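To keep things clear, I will list the structure first and then write my remarks on it.
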Amino acid sequence: MANEEKPYEIVQLSSVKFLLSCALAAFLIFVFGRWLPLRPWVVATEVLTTIAALFILGSIRYRLDKNALTYGAILIIFATFWHIWWAGSPLRQAVQNEGLTAALAFAHRHFFSISGLEHIIHADTMLFILGLTFFVSVIAQTRLLETISFMVLRKTKGSLVMTVAAIAAVVSFASGILDGVSMIGLMIRTLVIILFLAKADEEAVIFSVIVSTAITTVCGMWLAYGEPPNLIMKANLYPHLTNLFFLTYCLPVAVGSYFIVLWNVQKRLKGRRVEMGTMDILDVHTADVRFLQAERHGEVLIPVEFIDRFEKVLGPRYRPIVQALHQGEALGTALVRTGVSEDLRKEILGQFVTEDLAEALDHHYRDRERGHFSIDEAHRRISLALENTLSRRRRAQHIGGLAFVPFIGYLIFHGMVHGFPLFWASFLGFFVAVAGVWTLPKIRRLALREAALEYGEYLFLFPLFFSITLLQKTGFFEVMSVLIQDGIKTLGASHVAYMQYTGAVILSAMLDNNVVADFASRALTHLDAGLITLFSMAQIAGYAAGGCWTHIGCAQSVVAYAFVRKEVNERYTPWQWIKAMTPVVVEISLFMIVVIYGIGWLFR
């Protein structure tokens, strides 16, 4: 162990110093900008440098908080843009003619209305994502995915491949409607529980976790509402991109990609099974245990996550316990087998499930270790407690299911009457769903806390969207549009569309795919309707596939990589991720050749 290479230490750069430096630079540009040779290409350089910095300072040893980076950068970008735009702007002329009234009207139109903010920072889209994040977080606390997953596991008699295929299908479908980041957080934890029960090897566990990114991105691209980049594309290119567009052109790509992912997964899991007859009582009642954890402790952790907090008190027993958990052994059994003291065992089991069952659980695991598998008083007490939890969980699930009625109903209404804000759909769903857990204060607080933390990951997008809007005002995207049109005339639409797909893959592998979606879609607005359809489909598939190619390509990749490093293998590197995901991305890209050239042929 002493000779093992340790992960390098991350050096966190000061956010305060960076923001102050950016504020000073912006001030100097405002003061001296009129004497500087500022041109539109300067704004483009600043925006592209900011986007590149997100990749560089999120990958190397020296890190900078992405919110500090983007909010600091927008100060400099806006200061530069102001001197380029203001001199010949219609606003300046209006202010000279009408005075302050023109400035106030401009501010009200662009900064104090949903429609104005939608054009600047995708306000309606980001509000929809806010409501959706809280909605899905509440649904997650009802343990719906765990309920479905273990029901499938029982129906398939422990078949790992069939169970994973069913879970992937459910998550692929849900990711088209709900938040893909929330879905992957649920999916990987449920998968890991089942994979450990089947005693899958570490390589198969890690691959299943990281390939879940493709399930929630590429396989979830069949509708716009689940993935923020899809909503951004839809907002930028409406009315060309409608729900019918996604169902007609993106659904086939999602289905084909699902079978590609499943093919790669089954090669690693083929022949593996969960022995249903020997499953631990807590594993049999996984959904109820996790609901009880949230209800009593305000948190939900799988055993391998939970045991981390006892690393110091367990001392030399910690590593053997973790290894046992990775082999599918029950937490209580691992504690007994490694010789953990009775008091500490009860403390751990009480914090993992509930203190009321600590003694019964410890008695149960001691009997199992001695070879006594009969149903005794301790077993009956545990089962009764979990059955009582079942009724509360089902009530929350039923109300959560009811919440989909106003959510989907409003989505359909919005599809017919696009003028109404989209964000009401997710907020209506959340308001109904939260009623199911309102009388369970710790679950309610857990749902709200996790949603707030998750949405915090999107805050860096606001200044980026604003900067891209400023860049559009400089005429940058008209130049890009001309280049695309010239390429189509010279090479043909299908060739350029596939080049765009490839470019989106590469860019999204290095940058956040929300940025790629906003940046690249603005260059498509001047194309013919048929070409917008072809190029939009190519771009959506490109940034979805590229987003899961690396550990930082999309929010799902960040979540999955952090989980792998923390709970499976702390030495897992970005290059190992890329090596594992490259065959999947290549196979999807080969499949996209058929799709893009086939659609291109239809549009000739």
Side-chain angles (χ1 to χ4, degrees), residues 168-169 172-173 175-176 211 213-224 226-227 229-230 232-234 236-264 480-481 483-509 513 516-517 520-521 523-549 581-604:
S172 296
F173 175 80
S175 293
V211 84
T213 58
I215 293 293
T216 55
T217 56
V218 193
C219 304
M221 63 179 277
W222 65 276
L223 204 58
E227 279 293 282
N230 293 0
I232 293 165
M233 287 280 295
K234 190 170 184 284
N236 284 347
L237 297 172
Y238 184 83
H240 301 289
L241 301 194
T242 62
N243 290 334
L244 182 61
F245 158 79
F246 282 92
L247 292 173
T248 304
Y249 296 99
C250 296
L251 178 59
V253 177
V255 172
S257 300
Y258 167 80
F259 286 107
I260 290 171
V261 171
L262 189 61
W263 167 256
N264 284 275
M480 289 184 61
S481 180
L483 291 175
I484 291 175
Q485 294 180 57
D486 289 345
I488 292 171
K489 292 176 183 178
T490 305
L491 302 174
S494 297
H495 292 311
V496 178
Y498 194 79
M499 289 169 62
Q500 188 202 27
Y501 163 82
T502 305
V505 169
I506 295 170
L507 284 175
S508 292
N513 59 358
V516 175
S521 62
L524 305 181
T525 54
H526 299 294
L527 297 179
D528 294 336
L531 291 177
I532 287 179
T533 298
L534 173 63
F535 278 70
S536 296
M537 182 273 297
Q539 182 174 306
I540 291 169
Y543 64 61
C548 60
W549 194 8
M581 285 299 299
T582 294
V584 179
V585 174
V586 169
E587 289 165 12
I588 292 174
S589 298
L590 293 174
F591 170 60
M592 288 304 301
I593 292 176
V594 177
V595 175
I596 289 174
Y597 281 88
I599 295 176
W601 180 80
L602 291 175
F603 283 149
R604 285 191 306 178

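Note that the coordinates shown come from a computational prediction; the quantities given were computed from them, not determined experimentally.
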### Task
Please identify each residue that fulfils side chain to side chain donor-acceptor pair (under 3.5 Å) with Thr582, with sequence neighbours left out.
Trp549
### Polar side-chain atom of Tyr249 near backbone of Thr533 as donor-acceptor pair, under 3.5 Å
no
### Message
Tell me whether Phe173 at atom CZ has more than 12 heavy atoms from other residues, nucleotides or ligands lying less than 6.0 Å away.
### Response
no
### Query
What closest approach, in Å, do Ala545 and Val585 show between heavy atoms, and which atom pair accounts for it?
O-CG2, 3.9 Å
### Residues His240, Leu527; criterion side-chain contact (heavy atoms from CB on, under 4.5 Å); working and verdict
CA-CA 11 Å; His240 301 289; Leu527 297 179; over 6 Å; no
## Note on the structure
Shortest non-hydrogen pair, Cys219 vs Ala254, comes out as O-CB, 3.4 Å
### Query
At what distance, to the nearest 0.5 angstrom, does CD of Gln500 lie from CD1 of Ile488?
9.0 Å
### Task
Heavy atoms only: give me the nearest Met233-Ser521 pair and the separation to one decimal.
SD-CB, 3.3 Å
### Query
Shortest non-hydrogen contact from Lys234 to Ala224?
CD-CB, 3.6 Å
### Summary
One should read off an interatomic distance between Met499 CE and Ile484 CD1, to the nearest 0.5 angstrom, of 10.0 Å
### Query
Quick one: which of Val253, Val218, Thr502, Val505 gives a side-chain contact (heavy atoms from CB on, under 4.5 Å) with Met592?
Val253
#### Entry: Straight-line distance of Trp222 CH2 to Asn243 CG, nearest 0.5 Å
9.0 Å
### Message
Take a 6.0 Å sphere around CZ of Phe259 and say whether it holds more than 12 heavy atoms from other residues, nucleotides or ligands.
### Response
no
### Message
Could you measure the distance from the OH atom of Tyr543 to the CE atom of Met221? Nearest 0.5 Å is fine.
### Response
7.5 Å
### Message
The criterion is side-chain contact (heavy atoms from CB on, under 4.5 Å); which residues satisfy it with Asp486, sequence neighbours excluded?
### Response
Val482
### Task
List for me each residue that meets ring pair (Phe, Tyr, Trp, His ring centres under 6.0 Å) alongside Tyr597, sequence neighbours excluded, and say none if there are none.
His495
#### Entry: Candidate pair Glu587 and Val261, rule side-chain contact (heavy atoms from CB on, under 4.5 Å), full reasoning
CA-CA 9 Å; Glu587 289 165 12; Val261 171; over 6 Å; no
### Message
A side-chain contact here means heavy atoms from C-beta on lying under 4.5 Å apart; do Val595 and Pro252 qualify?
### Response
no
### Message
Just verifying a value: how many Å separate Asn230 CG and Gln539 CD, rounded to the nearest 0.5 Å?
### Response
10.0 Å
### Under the side-chain contact (heavy atoms from CB on, under 4.5 Å) test, residues paired with Thr213 that sit two or more places apart
Ile184, Cys548, Gln556, Ser557, Ala560, Trp577, Met581
### Query
What residues, two or more places apart in sequence or in another chain, satisfy ring pair (Phe, Tyr, Trp, His ring centres under 6.0 Å) together with Tyr258?
none
### Task
Show your reasoning for whether side-chain hydrogen bond (donor to acceptor under 3.5 Å, both in side chains) applies to Asn513 and Glu227.
CA-CA 10 Å; Asn513 59 358; Glu227 279 293 282; 4.6 Å; no
### Task
Quick one: closest heavy-atom pair of Gly176 and Leu223, and the distance?
O-CB, 3.3 Å
### Query
Do you know the tightest heavy-atom contact between Ile540 and Cys250?
CD1-SG, 4.1 Å
### Query
Rounded to the nearest 0.5 Å, how far does CD of Gln485 lie from CG of Leu524?
10.0 Å
### Summary
By ring pair (Phe, Tyr, Trp, His ring centres under 6.0 Å), Tyr501 pairs with (sequence neighbours left out) Tyr498
